[in-house]
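Some notes on the structure that comes next.
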Amino acid sequence: MYNAAVLTVSDRCARGERPDEGGPLTAELLRDAGFRVAQTAVVPDEQTEIENALIRWADSGEVQLIVTTGGTGFAPRDVTPEATLAVCRRLAPGIPEAMRYASMQVTDRAMLSRAQAGIRGGCLIVNLPGSPKAIRENLAAILPALPHGLRMLSGAPADCAALPEEKRPG
């Protein structure tokens with residue numbers, strides 16, 4: 001079982017003006033997929049605060065996955081992708097590509113997502129949109145692959161050739 005943390009990025013939620021729907025939903029979906037949600041927090045759309053939370057959790061060694069929700073659009077204060085890029089040492093571009101592809105099957109607005117994913121130490125950081133509908137769509141697209149990626153990230157054996165017969169190429 002992998003430990004996860006969920007960071008909601010929202011000015012209004014951080015000020016208590018709106019209830020956080022995205023964070024609790026993300027935590028629930030991660031638990032349903034077999035993750036232990038060890039940390040949750042809400043921060044405003046301030047790049048420094050987002051970076052500090054990501055660094056603190058990733059460097060603690062206590063979580064292997066951090067999922068952010070919110071701040072991935074075009075609004076001037078949407079800086080979650082910039083904060084993620086600033087703290088990650090390596091990128092994982094296939095994850096946001098898969099999320100955008102899956103969401104494009106539902107709405108053409110998915111192409112407006114600026115979500116990122118990357119690696120800091122032994123931790124994978126993934127940005128999700130803030131809407132509950134988009135959270136469900138995006139997590140559904142990536143959850144099946146995450147345990148394999150986290151096994152590889154931990155250095156444990158994770159043989160790609162051990163795929164089920166129906167998923168093997170050729």
About how many Å separate [atom2] of [Y] and [atom1] of [X], when rounded to the nearest 0.5 Å?
{"X": "S154", "Y": "Q64", "atom1": "OG", "atom2": "CD", "answer": "8.0 Å"}
{"X": "M111", "Y": "M104", "atom1": "CE", "atom2": "CE", "answer": "4.0 Å"}
{"X": "T68", "Y": "Q116", "atom1": "OG1", "atom2": "CD", "answer": "10.5 Å"}
{"X": "T40", "Y": "W57", "atom1": "OG1", "atom2": "CH2", "answer": "6.5 Å"}

Do [X] and [Y] come close enough that some side-chain heavy atom pair is under 4.5 Å?
{"X": "F74", "Y": "L112", "value": "yes"}
{"X": "L65", "Y": "L30", "value": "yes"}
{"X": "I125", "Y": "I119", "value": "no"}
{"X": "P44", "Y": "E49", "value": "yes"}
{"X": "F35", "Y": "L150", "value": "yes"}
{"X": "V6", "Y": "Q39", "value": "no"}
{"X": "V126", "Y": "M99", "value": "yes"}

(request) Give me the other members of the hydrophobic cluster that M1 sits in, counting Ile, Leu, Val, Met, Phe, Trp and Tyr linked by side-chain heavy atoms under 4.5 Å, directly or via other members. (result)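 Noted: M1 shares its cluster with no other residue.
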
In a table with atom names and distances, give each donor-acceptor pair under 3.5 Å that connects a side chain of residues 84-91 to protein atoms at least two apart or in another chain.
| unit_1 | atom_1 | unit_2 | atom_2 | d |
| --- | --- | --- | --- | --- |
| T84 | OG1 | T80 | O | 3.0 |
| T84 | OG1 | N127 | OD1 | 3.4 |
| T84 | OG1 | N127 | ND2 | 2.8 |

Between side-chain atoms of residues 128-135 and protein atoms elsewhere (two or more places apart, or another chain), which donor-acceptor pairs fall under 3.5 Å?
| unit_1 | atom_1 | unit_2 | atom_2 | d |
| --- | --- | --- | --- | --- |
| S131 | OG | A134 | N | 3.1 |
| K133 | NZ | E137 | OE2 | 2.5 |

(message) Tell me every residue that passes salt bridge (Lys or Arg N to Asp or Glu O under 4.0 Å) with R114, counting only those two or more places apart in sequence or in another chain.
(response)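 Expected list: E82.
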
(message) Checking E46 now: which residues fulfil salt bridge (Lys or Arg N to Asp or Glu O under 4.0 Å) with it, not counting sequence neighbours?
(response)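 Checked E46 against salt bridge (Lys or Arg N to Asp or Glu O under 4.0 Å); matches are R77.
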
Taking a hydrophobic cluster as the set of Ile, Leu, Val, Met, Phe, Trp and Tyr residues connected by side-chain heavy atoms closer than 4.5 Å, whether directly or through intermediates, do [X] and [Y] fall within one such cluster?
{"X": "V42", "Y": "V37", "value": "no"}
{"X": "Y2", "Y": "L146", "value": "yes"}
{"X": "L124", "Y": "I55", "value": "no"}
{"X": "V43", "Y": "I66", "value": "yes"}

Determine whether a donor-acceptor pair (N or O, by modelled atom type, separation under 3.5 Å) exists between the side chain of [X] and the backbone of [Y].
{"X": "D78", "Y": "G73", "answer": "yes"}
{"X": "D45", "Y": "Q47", "answer": "no"}
{"X": "E17", "Y": "C13", "answer": "no"}
{"X": "R120", "Y": "L54", "answer": "no"}

For a quick test of reading the model, state the closest non-hydrogen atom pair linking [X] to [Y] and the distance between them.
{"X": "V63", "Y": "S60", "answer": "N-OG, 4.3 Å"}
{"X": "P81", "Y": "G71", "answer": "CD-O, 3.1 Å"}
{"X": "A83", "Y": "I50", "answer": "CB-CG2, 3.5 Å"}
{"X": "T69", "Y": "G22", "answer": "CG2-C, 3.9 Å"}
{"X": "S10", "Y": "R18", "answer": "OG-NH2, 3.3 Å"}
{"X": "A98", "Y": "A141", "answer": "O-CB, 3.9 Å"}

(request) Any salt bridge (Lys or Arg N to Asp or Glu O under 4.0 Å) involving residues 27-41? Give me the pairs, sequence neighbours left out, ordered by first then second residue. (result)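 Qualifying pairs: none.
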
(message) Checking side-chain polar atoms at under 3.5 Å, does N138 have a donor or acceptor matched by the opposite partner on S103?
(response)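 Yes.
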
